[in-house]
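Worksheet: one structure, shown below.
We name chains A, B, ... by the order of the sequence lines, and we start the count at 1 in each one.
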2 protein chains.
Amino acid sequence: MPSPTVWERQTYWDRFRARHHRRTLLPRHVLIIGTINRRLIGQEGPGIEMAATPRRQPTLDEVAERAGVSRSAASRVINKAPHVSRATRDAVEKAIKEMGYLPNRTARALATQQTGIVALAVPHDNPELFADPFFAQVIVGVSAALEETDLHLLLCLASSGRGRARLTNLLRTRGVDGIMLMALHGDDPLTDIVARAGLPTVYVGRPLHTEPRWFVDSDNLGGARLATEHLIRLGRTRIATITGQLSTDAGEARYRGYREAMIIAGLTPHGTAEGDFTEDCGAAAMRALLDSHPDLDAVFAASDNLAAGALRALAEAGRSVPADVAVVGFDNLGVAERTDPPLTTVHQSVQDLGKEAARMLVAVIAGQQPASIILPTRLVRRGSA
Amino acid sequence: MPSPTVWERQTYWDRFRARHHRRTLLPRHVLIIGTINRRLIGQEGPGIEMAATPRRQPTLDEVAERAGVSRSAASRVINKAPHVSRATRDAVEKAIKEMGYLPNRTARALATQQTGIVALAVPHDNPELFADPFFAQVIVGVSAALEETDLHLLLCLASSGRGRARLTNLLRTRGVDGIMLMALHGDDPLTDIVARAGLPTVYVGRPLHTEPRWFVDSDNLGGARLATEHLIRLGRTRIATITGQLSTDAGEARYRGYREAMIIAGLTPHGTAEGDFTEDCGAAAMRALLDSHPDLDAVFAASDNLAAGALRALAEAGRSVPADVAVVGFDNLGVAERTDPPLTTVHQSVQDLGKEAARMLVAVIAGQQPASIILPTRLVRRGSA
DNA sequence: GCCAAAACTGGAAGCGCTTCCAGAGTTTTC
DNA sequence: GAAAACTCTGGAAGCGCTTCCAGTTTTGGC
């Protein structure tokens, strides 16, 4: 604590401050002494290790002073603006190097109205769901794309009401320059929240029944057709499907793709069970299908997880794959290689999904009008069909 | 575009600006007209859809004016500072509600020197690695803990030199209030970078050979002993181990735990192979072990992935599990349930790891001196041992 | 009803940066 | 050789908020 003498001049305020101090947003290790120097560093008592050493970064003013130019001139050098003489530039650059100057992000953000941060919002209702490698791959893609810019990535798991409130707040307080939204269920309130914020927004996967101005998506419908046509080409005719949640666009599109392929081939859907993209659910759905359509000879599952569950159920039921029943999945995110037999599946490039979304967002933020993107899918043949 | 009349007064500057405009950091949809009102909203030409509708958020000044009080009074109300009369508070709160005011995050950050953002840095060398559910679980835990504060989470995949440079820059420009660092290899340059930044830092898992001031870790050593002791209790004596990378603390500690358990039981290690926590590597290691120690009757693998690979190799070699060879893994992150047979393994609570790390960081930022934490592990018995 | 103490208030000074613009100097143009 | 065009420069005005503090009003004790 500062010595009493520093304080004795003041009375009421100090007492108030002493009480109030903890609750204010003052930076750590900051004590107030008079008005001149508000920051007092290294005032730790003996034995207390410091949380950090906030050796103050030099400011632009200090750089300018050292270089013997005005602050504006220094700023111009840093921002590579024109109208800077060689001499000025050199002097400033020298000062910058010597002082190890780096512009303060926050101050710049305030002046430019750009935070340099974009958000990726994931509506995860339950933690398990976020563990899906799908999210990880999107994040990897997004990061890769952002690495080429000077934007940083803020991750929002907006599930609960609390999480959504935080997100709303983040957007409305202009905490980010733009936002990427992961695939949503039909009536997710996030859509509204984000639209209301009026910030550049890119969707990763489309929400159900609305086409956002900007989105990146996989060709779910085409992929599902690919898968179904493959089964048809194999000579299967009694083809069932296990869908994902039909309240998501991906689930719905994949179901539609299956139906279209069947209709075009002159076949009729032979059993449909709705799942939720999880393995257990796939197994349950498969058992239900075997019950209702014991003669089925093929299954298109709307995800690899579902397909893995289906394989399990088929094995339990004593059906051999692919001899008795051919199975095709969707996603190709690692699981497919590890099933027995390995899964024939539709590949979607999730990293690219993230990468393109990030690039698109950057473009939108820059005021451009990029086109939305639908990424192609392709069939990967393995043992199950 | 603004009508020519607006511009004709100006000559040189306008032309320069017209050329330079794109390169500046000006907010989108902002045109400069005179000095009075810099923001001109909704000036889009016909047919051009707006990227966003930046209907300007009200400022504190406007709220204060509407409430008929000074800006400081309004600020005090917002920050729930004392010394605000009932009347003032009511007036300000009314104005806030009516105008839908929310304080600008950036401005507040500049004034308080606190960004309200913490970073989670993941040194992922390769994308596949980040797909490990471990990371997802940590993130879920961290998010859960942060949800109770008003901090947001910035995710940094700092792999390449570029990524590291970005991280360095983020820290040195005071872009975040603190940072969580995921487990590192022995000599990761990130350790240094972060230390140099002098920001509150919490490690998730310890780096090799140094104990950071603040960390959260699982009891890797204890868990490995648990696993090995279990095998010993089963009557196995020729127990081999497949380690993780010994250049990580987790890998090393689990290996040490195995050795200690063996020594205490008066047994000698019966074959050691170093892996890298991946399944393929586990299979390769198992094959090598079978080669060098054909008579082994148990294996402790330092991760479930390694164990899964080992199971595969054992099956290929015609050894039955657990009859011929008992296997125990480590992690219990989903894989363990899906192997054949299901894996007996050591459970670590990765979500809690993240949760505690976030809580600890919050405490450190608040200037407290929390104690580091080592979370307990426990054995989960399934079919493989 | 008086006086000290407490509560309250608004003006002003920051936080660290970008950008405007007038003025000074330099080059080009005819 | 004067006018026109350009290049540089630094002072000043922001960006939107928090916090200090001097001054004013209210409270409470006697």
Euclidean distance, atom [atom1] of residue [X] to atom [atom2] of [N] [Å, nearest integer]:
X	N	atom1	atom2	answer
B/Gln113	D/dT19	CD	C1'	12 Å
A/Tyr101	C/dG16	OH	P	10 Å
A/Ile78	C/dC17	CD1	C1'	9 Å
B/Arg89	C/dA7	CZ	P	14 Å
B/Arg86	C/dA7	CZ	C1'	16 Å
A/Lys80	C/dT18	NZ	P	12 Å
B/Leu110	D/dT18	CG	C1'	10 Å
A/Arg174	D/dC17	CZ	C1'	16 Å

Those residues that, when tested against A/Glu93, pass salt bridge (Lys or Arg N to Asp or Glu O under 4.0 Å) (two or more places apart): none

[N] phosphate, OP1 or OP2, under 4.0 Å from [X] side-chain N/O:
X	N	answer
B/Gln114	C/dC15	no
B/Asn79	D/dT18	yes
A/Thr106	C/dC15	no

Contacts of A/Ala107 and B/Ala87 projected onto DNA chain C by closest heavy atom; the upstream (5') one is B/Ala87

Do other residues, nucleotides or ligands put more than 12 heavy atoms under 6.0 Å from B/Asp90 CG? yes

Terminal axis angle for the helix from C/dG1-D/dC30 to C/dC30-D/dG1, five pairs an end, nearest 10 degrees: 30°

Would you give the length of the straight line joining atom CD1 of B/Ile193 to atom OG1 of B/Thr168, rounded to the nearest 0.5 angstrom? 3.5 Å

Starting at OH of B/Tyr101, measure out to OG1 of B/Thr59 and round the result to the nearest 0.5 Å. 7.0 Å

Using the side-chain heavy atoms of A/Val84, tell me which of these nucleotides is nearest: C/dC17, D/dC15, D/dT9. D/dT9

Which residues pass the side chain to side chain donor-acceptor pair (under 3.5 Å) test with B/Asn169, not counting sequence neighbours? none

List in chain and number order the residues that pass side chain to side chain donor-acceptor pair (under 3.5 Å) with B/Ser72, two or more places apart in sequence or in another chain; answer none if no residue qualifies. B/Ser70

Touch check for A/Thr88, heavy atoms < 4.0 angstrom, all strands: base, sugar-phosphate only, or nothing? sugar-phosphate

Dump every N/O contact between nucleotides 24-28 of chain D and the protein below 3.5 Å, one line per pair.
none

Can any side-chain N or O of [X] pair as donor or acceptor with the backbone N or O of [Y] at less than 3.5 Å?
X	Y	result
A/Gln369	A/Val364	no
A/Asn79	A/Ala81	no
A/Arg166	B/Leu151	yes

Between A/Lys94 and A/Glu98 (salt bridge meaning N to carboxylate O under 4.0 Å), is one present in this structure? yes

So do the side chains of A/Leu190 and A/Arg164 get within less than 4.5 Å of each other, counting heavy atoms only? yes

Interface residues of residues 59-76 of chain B with DNA chain C (non-hydrogen, below 4.0 angstrom): B/Val69, B/Ser70, B/Ser72, B/Ala73, B/Arg76

Under the side-chain contact (heavy atoms from CB on, under 4.5 Å) rule, what do A/Val122 and A/Leu155 come out as? Steps first, then yes or no, please. CA-CA 8 Å; A/Val122 183; A/Leu155 189 64; 4.3 Å; yes

